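Report on one structure; see the data block that follows.
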2 protein chains.
Amino acid sequence: MDTKRSIRAKSGTNLGGASAHNRRIMIDALRVNGALSRADLARATGLTPQAVSNIIEELALDGLVRSQATIRRGRGQPATPYQLVPEGAFAVGLQIDRHVTRTVIVNLVGEVLVQMEAKLPPGGPAEGVVVVLDLIRKARIALQAQSPEAEKRLVGLGVAMPGPFGINTLYDDPWMMTAWQNFPLIDTIAQGTGLAVALQNDAAAAATAERLLGAAHGLDHAICIYFGYGLGTGLILNGELYGGAHSNAGEIGMILALVPGDGPDVEPLEHYASMAALCKLLKLDPSEPELFAMVTDALMRGGPKVEQWIDDVAQRLRRTVQALESIFDPQTIILCGGAPRALIDRLVAEIGPLLPSIADRASRYPEARLQAGLADPWSVALGAAAEPIARTFDPRFSAILKTA
Amino acid sequence: MDTKRSIRAKSGTNLGGASAHNRRIMIDALRVNGALSRADLARATGLTPQAVSNIIEELALDGLVRSQATIRRGRGQPATPYQLVPEGAFAVGLQIDRHVTRTVIVNLVGEVLVQMEAKLPPGGPAEGVVVVLDLIRKARIALQAQSPEAEKRLVGLGVAMPGPFGINTLYDDPWMMTAWQNFPLIDTIAQGTGLAVALQNDAAAAATAERLLGAAHGLDHAICIYFGYGLGTGLILNGELYGGAHSNAGEIGMILALVPGDGPDVEPLEHYASMAALCKLLKLDPSEPELFAMVTDALMRGGPKVEQWIDDVAQRLRRTVQALESIFDPQTIILCGGAPRALIDRLVAEIGPLLPSIADRASRYPEARLQAGLADPWSVALGAAAEPIARTFDPRFSAILKTA
DNA sequence: CAAATAAGTCAAGTGAATTGATTTAATAAA
DNA sequence: TTTATTAAATCAATTCACTTGACTTATTTG
């Protein structure tokens, strides 16, 4: 018997936990399948029709689902489909990038209602957080104008910024996000906004966006490679975002992945495969507002320098994809990012044909082994906004348990 | 509304699911912490003392826990600690290896009660399964002799064999386990033994063993690198073994991981780092009964050929460890295997000093970044036996849900 | 010896799912 | 046109495991 009271145990659960889970799976089922009748939901979830009826009635009272016109489907009483109410919930997303901050407000189904950005002052977080809070305030006013009831239905605020967190920088980071990482950002924003705040890294946010309304929608095992200023992955395992022991899982940008010809002085993968690397190559300022257009333009023009870079990156990512497939055995891998659509699509094309791996099975799903996902400067902010929605409404093991 | 009835939804739950979960976390807490009083359990799990009392009473009736002598711990009524009853449950493990099959019977706390092996005939599974069933039968008789009541308390049979499953061989496998993989092994053994049977690959089984009674005991995020005839990993994520979309996750042996100097014709990692590779180098027959002793002997003698191999493998695994840390952000990485203790320990020593990674944090746990785990020809069979115990008694998300 | 503290139990209460019968509304068959 | 069949959905009673709040027991402290 442990007399020091340092007992390691998992949390118990009770009726309330079961009920909360069942509400979440209803919302999840409606999100993934579109409108469903209560009978459909009962069959799909294994609950009794009566239980489903009660839960749906409650969700309707809460303004989260609503009925549609009945549908005749052969014999028997016509079914009444239920759908999610887009205005049932809203969430704020905030991206802290190296030189800019972006905010997005989405509704329950992931539609973007507000998006705003502001330049971050060079003075670091002490000055920057004022800009950030002001931006959030403006975004909420804009939301209020569109939907007066929305403010009451804000379920939280998600923050995304470059990781990893809690680590002393391993190699030089020209933008030194360290100051932001050490600043008590979450508490400051929580106090300044009165909302529940959570933090993710860029790649996790991008994966959250892919799951809510992108290529990973409804998938339980997907790896999202985030190609932005840095390189990382968001890991969707068993239908949940996996964070590891310290929420830093997925940092593939730090892997020392060699390709034939590399010497012992090989640098981390993201020094080759990232927007940062491309900007360096093209001598572009990453803080340039027209960066995406300029990169797209450079891709169109081509030229040996760009083509060689694409070749090199494609070769490195081809091996990375094979490694990720071998490690995770996922349903699909999604290349997404804070990068121009043209670049993501080009890379997906150049990475193929893929190397042999365990994903190379005779009976593949509809999903391709590798596909392009969201590619937009706003995708991280969007993912940040998707996080509170997911946290509040998605089925998760931890949501059943008594302790947070 | 989906008229084709192909609705994707997660399973619901009810009181029974909650109850099952609570029983599991009690057993888990006792396994991880040793004996605990009901008050301890209530505090640790978040359940009320009354709920814990009821659950413990029921577990005691089922013969899974028993009380110890009361302990005075300062003021207040003395506590009655409860412990797991080793004879509360038993499970059979079966390893199908290339040239041999091993069976192990363990009890609830992972103690090995029976272990037996037999040579597999060269005729493949059709002949082999007869040997296998006979071996299991003999093991059960031996168990009966030790513990007459045990037979009634067998909770299942775990099978472990080399993966990956459901894939056409990607490169030549000299032992052609394909025949075994295509044979309806699970059904045949289930029918032949009357037990619930499940299948894992070697590495997953080794990780299951590490979790029940090895270095991963009580950890929620650990990566077990299995160094045996092949090379793979067992992924313990969120306290559960992760299998991926098709139970083939962790196959790092198939990664084309380069080290400086490698050319474009690099082979999969396990062609360098595995017992198979070492046997080839030393011109040893892998089916040699005294293989472990011979390998240990070769290590002791040293010599340039062996030293160079160790250097090369250590270099490759050093990079693999850094990659796995970057990808999973685990609490620890465990090198274990179907390999001699001397080899595993030597490799752990040679792999250090580790490369910088996100695991290289100032405030590290008690756990080292890399440590040696079980190294024994029996560890896979042991893990196979641990699987039914884990499946029956460990807390898992899926154990709460209504559908299997 | 009384007060404080902690473990544990008793008995009633609670809430969400289940059970089984019933209602409603459509199509298919007679 | 009528009747049977099928399916959706509801009603009312039941069940079950956890919770609540009061209480008992056993030990240490002052």
Side-chain angles (χ1 to χ4, degrees), chain A residues 1-3 5 7 11-26 35-62 65 67-82 400-403, chain B residues 1-3 5 7 11-26 35-61 65 67-82 399-403:
Chain A
M1 179 137 63
D2 198 307
T3 48
R5 298 283 75 76
I7 301 175
S11 169
T13 187
N14 55 18
L15 259 188
S19 169
H21 171 74
N22 288 343
R23 285 178 57 118
R24 284 169 185 256
I25 59 165
M26 295 297 153
L36 293 174
S37 70
R38 280 165 283 186
D40 286 336
L41 284 166
R43 277 186 296 266
T45 61
L47 293 171
T48 59
Q50 185 59 59
V52 172
S53 245
N54 294 339
I55 294 167
I56 290 292
E57 186 183 17
E58 207 185 293
L59 290 175
L61 273 175
D62 290 351
V65 305
S67 59
Q68 298 178 336
T70 57
I71 288 185
R72 280 176 294 189
R73 224 171 21 185
R75 269 185 192 185
Q77 175 164 323
T80 308
Y82 280 77
I400 297 188
L401 310 180
K402 301 188 73 177
T403 60
Chain B
M1 179 137 62
D2 198 306
T3 48
R5 296 287 75 79
I7 302 175
S11 168
T13 186
N14 55 17
L15 259 188
S19 170
H21 172 74
N22 289 343
R23 285 177 58 119
R24 284 169 184 256
I25 59 165
M26 297 296 154
L36 293 173
S37 71
R38 280 167 282 188
D40 287 336
L41 285 165
R43 278 187 296 267
T45 60
L47 292 171
T48 59
Q50 185 59 60
V52 172
S53 243
N54 295 339
I55 294 166
I56 289 293
E57 187 183 15
E58 206 184 296
L59 290 175
L61 273 175
V65 305
S67 59
Q68 299 178 334
T70 57
I71 288 186
R72 281 175 295 192
R73 218 167 28 179
R75 272 186 191 185
Q77 175 165 325
T80 309
Y82 280 77
I400 297 188
L401 309 181
K402 302 188 71 177
T403 58

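Proteins get letters first, then strands, A, B, ... in listed order; numbering begins at 1 in each. Computed from a predicted structure; not experimentally measured.
Side-chain atoms of A:D40 and A:S37 form a donor-acceptor pair, as typed in the model, at a separation below 3.5 Å.
Rounded to whole Å, the distance from CG on A:L36 to C1' on D:dA9 is 16 Å. What separates CD of A:E58 from C1' of C:dA17 is a distance of 13 Å, to the nearest Å. If you take CD1 of A:I56 and P of C:dA17, they are 12 Å apart, rounded to a whole angstrom. One interatomic measurement links the two molecules: CD1 of A:I25 to C1' of C:dA16, which rounds to 13 Å at whole-angstrom precision. Rounded to whole Å, atom C1' of D:dC18 lies 15 Å from atom CD of B:E57. In this structure, A:Y82 atom OH and D:dA8 atom P are separated by 14 Å, rounded to whole Å. Atom CD1 of A:I55 is separated from atom C1' of C:dA17 by 8 Å (rounded to the nearest Å). Going from atom CG of A:L47 over to atom P of C:dT19 covers 12 Å, rounded to whole Å.
Without hydrogens or angle criteria, A:N22 side chain to A:I25 main chain gives no donor-acceptor distance under 3.5 Å. Listed for the B:S19 side chain is no donor-acceptor partner under 3.5 Å among the backbone atoms of B:L15. Side-chain atoms of B:T13 come within 3.5 Å of backbone N or O of B:I400 as a donor-acceptor pair.
Partners of B:E58 under the side chain to side chain contact (heavy atoms under 4.5 Å, CB included) rule, at least two apart in sequence or in another chain, are B:R23. Listed by chain and residue number, A:T403 satisfy the side-chain hydrogen bond (donor to acceptor under 3.5 Å, both in side chains) test with A:S11 (two or more places apart in sequence, or in another chain). Residues passing the side chain to side chain contact (heavy atoms under 4.5 Å, CB included) test with B:P49, sequence neighbours excluded: B:A42. Listed by chain and number, the residues in a side-chain hydrogen bond (donor to acceptor under 3.5 Å, both in side chains) with B:E57 amount to none (sequence neighbours excluded).
For B:N22 and D:dC18, the shortest distance from a side-chain N or O to OP1 or OP2 is below 4.0 Å. Within the 4.0 Å cut-off from OP1 or OP2 of D:dT10, at least one side-chain nitrogen or oxygen of A:R38 is found. Proximity of A:S53 to the phosphate of D:dA9: no side-chain N or O atom is located under 4.0 Å from OP1 or OP2.
Residues from residues 14-21 of chain B placing a heavy atom under 4.0 Å of any atom in DNA chain D, listed by number, are B:L15, B:S19.
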> Please walk me through it: do B:L47 and B:M26 pass side chain to side chain contact (heavy atoms under 4.5 Å, CB included)?
Replying inline: CA-CA 10 Å; B:L47 292 171; B:M26 297 296 154; 3.5 Å; yes
>> So if I define the base as every atom that isn't primed, P, OP1 or OP2, how would nucleotides 20-30 of chain D read as a B/S/- string at a heavy-atom cutoff under 4.0 Å?
In response: B----BBBBS-
